[in-house]
Amino acid sequence: MKIAGVKGMNDVLPADVARWQEMERVAREVFALYGYREVRTPAVEHAQLFARGVGEATDIVNKEMYVFEDKGEELLALRPEGTAGTVRAFIEHGAYVEGPQKWFYMGPMFRREKPQKGRYRQFHQIGCEAFGIAEPFLDAEQIALVADYFARLGVGARLKLNSVGDAACRPAYLAELKAYLGGRKAELCPDCIDRLERNPLRVLDCKVESCQPVLNGAPRLLERLCDGCRTHFDQVKVALDALGVRYEVDGRLVRGLDYYVRTAYELTSDALGSQSAVAGGGRYDRLVETLGGPPTPGIGFALGEERLAMILEKAGKAPPAQGPAVFFVSADAEGALEALRRAAELRRGGIACDLDPRGGKLKAQFKQAERVGARYALVLGGAEVQSGQAKLKDLSSREETPVALAQLAGFLASLPRP
RNA sequence: GUGAGUAUAGCUCAAUCGGUAGAGCACUGGACUGUGGAUCCGGGGGUUAAGGGUUCGAGCCCCUUUACUCACCCCA
């Protein structure tokens with residue numbers, strides 16, 4: 001019986017892996033420029049960590065999380081997001097005693113949702129977390145980092161910015177919002193009536209046409225921020241302007257997780273279909289404390305690698321080619337043995353090369369050379385072995401260059417990679 | 001969890017009214033015995049998702065199941 005992969009968990013085949021390596025390599029490069037260092041935490045944590053950190057009432061925790069009993073001893077969970085585990089590690093290892101820290105991670109996350117375009121049960125996130133700095137310039141710097149990253153990859157995305165307030169101003173606003181929406185319940189769609197109780201901020205995000213008149217008249221959080229949040233938000237914008245980062249303020253932008261305060265931001269692309277967010281983040285000044293650490297402000301974001309890969313593909317960005325430099329073509333038994341020796345020599349010298357151990361017709365070997373993406377082909381037979389001379393064929397231009405076998409490694413090393 | 005759609009070769013898809021399952025790509029052989037991509041000719045590939053029903057006859061119609069896709073909820 002044939003066993004298929006698990007629903008919502010996908011293979012990335014070799015042909016597509018180059019794109020993933022590119023995304024991750026550029027991330028490491030750009031993040032290093034901003035002083036972020038990589039942290040690697042387990043994919044499995046105590047379920048309690050997410051219940052407390054992400055929020056008991058969120059969909060992510062109460063209906064989408066993979067939870068299991070480990071041999072009846074403890075309740076564990078596959079991580080549904082990266083921040084909670086990173087904060088746990090930050091606290092557990094006492095990293096806060098060394099002052100502000102900027103960390104990043106990348107890896108698989110798990111949510112048991114119904115899969116659709118850009119949404120999978122195992123998906124991959126790259127995320128940054130900065131701890132210990134409450135100042136708004138940090139927010140702007142991190143947003144600039146994301147913008148830089150996208151620019152380096154050559155993809156366009158819209159940056160939306162908002163402030164979701166904090167404990168000083170959000171409760172009063174929520175009460176006002178609920179009162180307003182409650183009074184006009186009759187004009188709202190069924191989903192919104194449901195959201196009114198569970199997550200009133202989400203109502204503002206509703207796309208249903210009939211809800212729009214109500215939403216347009218709703219009280220705006222941005223106009224009711226406390227002084228602290230107001231100043232913080234203004235300073236983030238000042239800093240972003242100074243950094244030349246383009247953004248649009250979207251008063252309806254909401255974060256789904258409980259821990260966010262003040263700055264919230266999101267990058268979206270219309271290349272994605274319904275799940276348009278490719279990255280989302282915000283400030284979480286109380287989270288470290290909530291998880292048992294000392295009061296430590298923080299801000300972070302996560303981006304979805306599957307979604308980013310979709311944007312890159314749709315934009316027609318070709319992943320970098322990664323074939324061997326040389327493919328040895330053997331014309332006879334003597335040449336085949338020589339090819340084996342020369343390939344070993346090149347590989348010792350750090351030059352990627354390949355050959356077809358089956359030998360066979362030259363035509364088939366040349367096709368193989370092309371298929372694996374080799375830059376050059378080199379035919380070896382008794383004649384070449386005798387003379388010590390061979391012809392290096394450029395597979396794209398079809399030009400042949402005479403080269404002494406003894407000088408092959410040096411010759412290839414001196415060529416610039418295209 | 002809810003709703004809709006789809007399922008035919010490795011991939012993308014045809015198949016008229018219910019009447020012998022096909023093409024392109026890919027793979028492979030030859031034209032071309034030491035030089036790949038073009039062209040031409042040939043070859044292998046199928047339980048038409050699975051199971052049941054109607055019918056002389058089902059890829060096509062009906063039922064059940066499964067899988068996938070998209071959307072809602074929610075989210076990266």
Side-chain angles (χ1 to χ4, degrees), chain A residues 1-8 10 13 15 54-55 57-65 80-83 106-127 146 157 189-192 194-195 198-199 202 205-208 254-257 265-269 272-282 300-311 327-332 334-335 356 359-374 376-384 390-400:
Chain A
M1 174 176 169
K2 192 161 66 178
I3 299 179
V6 176
K7 181 201 288 286
N10 302 314
L13 297 177
V54 177
T58 60
D59 279 6
I60 289 179
V61 168
N62 73 36
K63 55 184 249 199
E64 296 171 0
M65 197 157 70
E81 55 99 54
T83 301
M106 50 184 70
M109 308 293 163
F110 305 84
R111 293 181 198 173
R112 200 180 184 289
E113 304 179 270
K114 200 143 181 180
Q116 67 186 67
K117 190 178 177 68
R119 153 161 332 145
Y120 309 101
R121 290 185 170 185
Q122 174 174 330
F123 60 105
H124 297 78
Q125 288 190 332
I126 299 178
V146 187
C189 69
D191 278 335
C192 280
D194 189 40
R195 278 189 277 241
R198 289 188 300 120
N199 191 349
R202 275 271 158 223
D205 213 25
C206 184
K207 292 145 211 145
V208 175
V254 174
R255 302 278 71 217
L257 283 46
Y265 63 100
E266 194 166 285
L267 279 84
T268 63
S269 163
L272 291 177
S274 175
Q275 309 303 318
S276 62
V278 63
F301 75 88
L303 67 87
E305 291 194 76
E306 282 83 358
R307 293 184 183 179
L308 184 54
M310 284 170 56
I311 297 175
F327 194 97
F328 289 101
V329 173
S330 58
D332 52 33
E334 205 177 340
D356 188 342
K361 291 181 184 300
L362 291 190
K363 174 172 174 167
Q365 294 186 59
F366 268 91
K367 286 185 95 160
Q368 183 71 3
E370 193 189 10
R371 192 161 34 223
V372 301
Y376 298 103
L378 188 119
V379 178
L380 287 177
E384 284 79 9
K391 281 176 286 187
L392 191 64
K393 181 169 186 175
D394 185 315
L395 286 170
S396 52
S397 70
R398 297 187 157 203
E399 281 169 19
E400 292 189 319

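In this text, all values refer to a predicted model and were calculated from it rather than measured experimentally. Numbers restart at 1 for each chain; the letters A, B, ... are given by sequence-line order, proteins then strands.
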Distance, rounded to the nearest Å, where [X] contributes [atom1] and [N] contributes [atom2]:
{"X": "A/Leu362", "N": "B/G36", "atom1": "CG", "atom2": "P", "answer": "8 Å"}
{"X": "A/Leu272", "N": "B/C70", "atom1": "CG", "atom2": "P", "answer": "12 Å"}
{"X": "A/Lys117", "N": "B/U69", "atom1": "NZ", "atom2": "C1'", "answer": "10 Å"}
{"X": "A/Glu266", "N": "B/C74", "atom1": "CD", "atom2": "P", "answer": "14 Å"}
{"X": "A/Arg121", "N": "B/A67", "atom1": "CZ", "atom2": "C1'", "answer": "13 Å"}
{"X": "A/Phe327", "N": "B/G36", "atom1": "CZ", "atom2": "C1'", "answer": "11 Å"}
{"X": "A/Leu378", "N": "B/U35", "atom1": "CG", "atom2": "C1'", "answer": "12 Å"}
{"X": "A/Gln365", "N": "B/U33", "atom1": "CD", "atom2": "P", "answer": "15 Å"}

Considering all heavy atoms, the nearest A/Gly300-A/Tyr265 contact |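 Taking A/Gly300 first and A/Tyr265 second, the nearest heavy atoms are O-OH, 4.1 Å.
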What are the two closest heavy atoms between A/Leu272 and A/Arg307, and how far apart are they?
->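 Where A/Leu272 meets A/Arg307 most closely, the heavy atoms are CD2-O, 3.3 Å.
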I'd like to know if the side chain of [X] reaches the main chain of [Y], judged simply by a donor and an acceptor atom lying under 3.5 Å from each other, with no hydrogens or angles considered.
{"X": "A/Arg121", "Y": "A/Arg112", "answer": "no"}
{"X": "A/Asn62", "Y": "A/Thr58", "answer": "yes"}
{"X": "A/Gln125", "Y": "A/Gly107", "answer": "no"}

Listed pairs, N/O of protein and of nucleotides 26-28 of chain B, under 3.5 Å:
unit_1, atom_1, unit_2, atom_2, d
B/C27, OP1, A/Arg371, NH1, 2.8

Taking only N/O atoms, report every protein-nucleotides 1-5 of chain B pair under 3.5 Å with atom names and distance.
unit_1, atom_1, unit_2, atom_2, d
B/U2, O4, A/Lys114, NZ, 3.0

For the atom pair OH (A/Tyr120) and NZ (A/Lys7), what is the distance rounded to the nearest 0.5 Å?
->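 Spacing of OH (A/Tyr120) from NZ (A/Lys7) equals 13.5 Å.
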Rounded to the nearest 0.5 Å, how far apart are CG of A/Asn10 and NE2 of A/His124?
->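 It is 9.5 Å, given to the nearest 0.5 Å.
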Under the side chain to side chain contact (heavy atoms under 4.5 Å, CB included) test, residues paired with [X] that sit two or more places apart:
{"X": "A/Asp332", "answer": "A/Glu334"}
{"X": "A/Ala157", "answer": "A/Phe150, A/Leu267"}
{"X": "A/Ser397", "answer": "A/Asp394, A/Glu399"}

Would you classify [X] as touching base, sugar-phosphate or nothing, given that sugar-phosphate means primed atoms plus P, OP1 and OP2, and contacts are heavy atoms under 4.0 Å?
{"X": "A/Ala369", "answer": "nothing"}
{"X": "A/Val379", "answer": "base"}
{"X": "A/Ile126", "answer": "nothing"}
{"X": "A/Gly118", "answer": "base"}
{"X": "A/Ala377", "answer": "nothing"}
{"X": "A/Glu400", "answer": "base"}
{"X": "A/Arg111", "answer": "base"}

Do [X] and [Y] make a side-chain contact, defined as non-hydrogen atoms from C-beta onward lying under 4.5 Å apart?
{"X": "A/Glu305", "Y": "A/Phe123", "answer": "no"}
{"X": "A/Leu395", "Y": "A/Phe366", "answer": "yes"}
{"X": "A/Leu380", "Y": "A/Ser330", "answer": "no"}

At under 4.0 Å, does any side-chain N or O of [X] touch on OP1 or OP2 of [N]?
{"X": "A/Gln125", "N": "B/A76", "result": "no"}
{"X": "A/Arg202", "N": "B/C73", "result": "no"}
{"X": "A/Thr58", "N": "B/C75", "result": "no"}

If the [atom1] atom of [N] is compared with that of [M], how far apart are they to the nearest Å?
{"N": "B/G53", "M": "B/C11", "atom1": "C1'", "value": "33 Å"}
{"N": "B/G45", "M": "B/A23", "atom1": "C1'", "value": "14 Å"}
{"N": "B/G24", "M": "B/C63", "atom1": "P", "value": "36 Å"}
{"N": "B/C60", "M": "B/G3", "atom1": "P", "value": "26 Å"}
{"N": "B/G46", "M": "B/A9", "atom1": "C1'", "value": "6 Å"}
{"N": "B/U2", "M": "B/U65", "atom1": "P", "value": "13 Å"}
{"N": "B/U54", "M": "B/C73", "atom1": "C1'", "value": "41 Å"}
{"N": "B/C74", "M": "B/U28", "atom1": "C1'", "value": "50 Å"}

So if I take every side-chain heavy atom of [X] and compare against [options], which nucleotide ends up nearest?
{"X": "A/Phe366", "options": "B/C75, B/G34, B/G36", "result": "B/G36"}
{"X": "A/Gln116", "options": "B/C72, B/C74, B/G30", "result": "B/C72"}
{"X": "A/Arg195", "options": "B/C73, B/C72, B/C68", "result": "B/C73"}

Hey, is the side chain of [X] pairing donor to acceptor with the base of [N] inside 3.5 Å?
{"X": "A/Arg198", "N": "B/C73", "result": "no"}
{"X": "A/Glu384", "N": "B/G34", "result": "yes"}
{"X": "A/Lys363", "N": "B/U35", "result": "no"}

Ranges pairing with ranges for RNA chain B, where each run has three or more Watson-Crick or G-U pairs under 3.5 Å =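 Listed by first number, the stems are B:1-7 with B:66-72, B:10-13 with B:22-25, B:27-31 with B:39-43, B:49-53 with B:61-65.
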Does the pair A/Arg255 and A/Glu266 meet the rule for a salt bridge (charged side-chain N to carboxylate O under 4.0 Å, His left out), with working shown?
-> CA-CA 9 Å; A/Arg255 302 278 71 217; A/Glu266 194 166 285; 2.3 Å; yes
Starting from the 5' end of RNA chain B, give me the residue, A/Leu380 or A/Ala364, whose nearest nucleotide shows up first.
->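 Result: A/Ala364.
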When you match A/Glu64 and A/Lys391 each to their closest nucleotide on RNA chain B, which lands nearer the 5' end?
->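 Comparing both residues, the 5'-ward one is A/Lys391.
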Partner of A/Gln368 under side chain to side chain donor-acceptor pair (under 3.5 Å), chosen from A/Arg371, A/Gln365, A/Glu370 =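 So, applying the side chain to side chain donor-acceptor pair (under 3.5 Å) to A/Gln368 and each of A/Arg371, A/Gln365, A/Glu370, only A/Arg371 qualifies.
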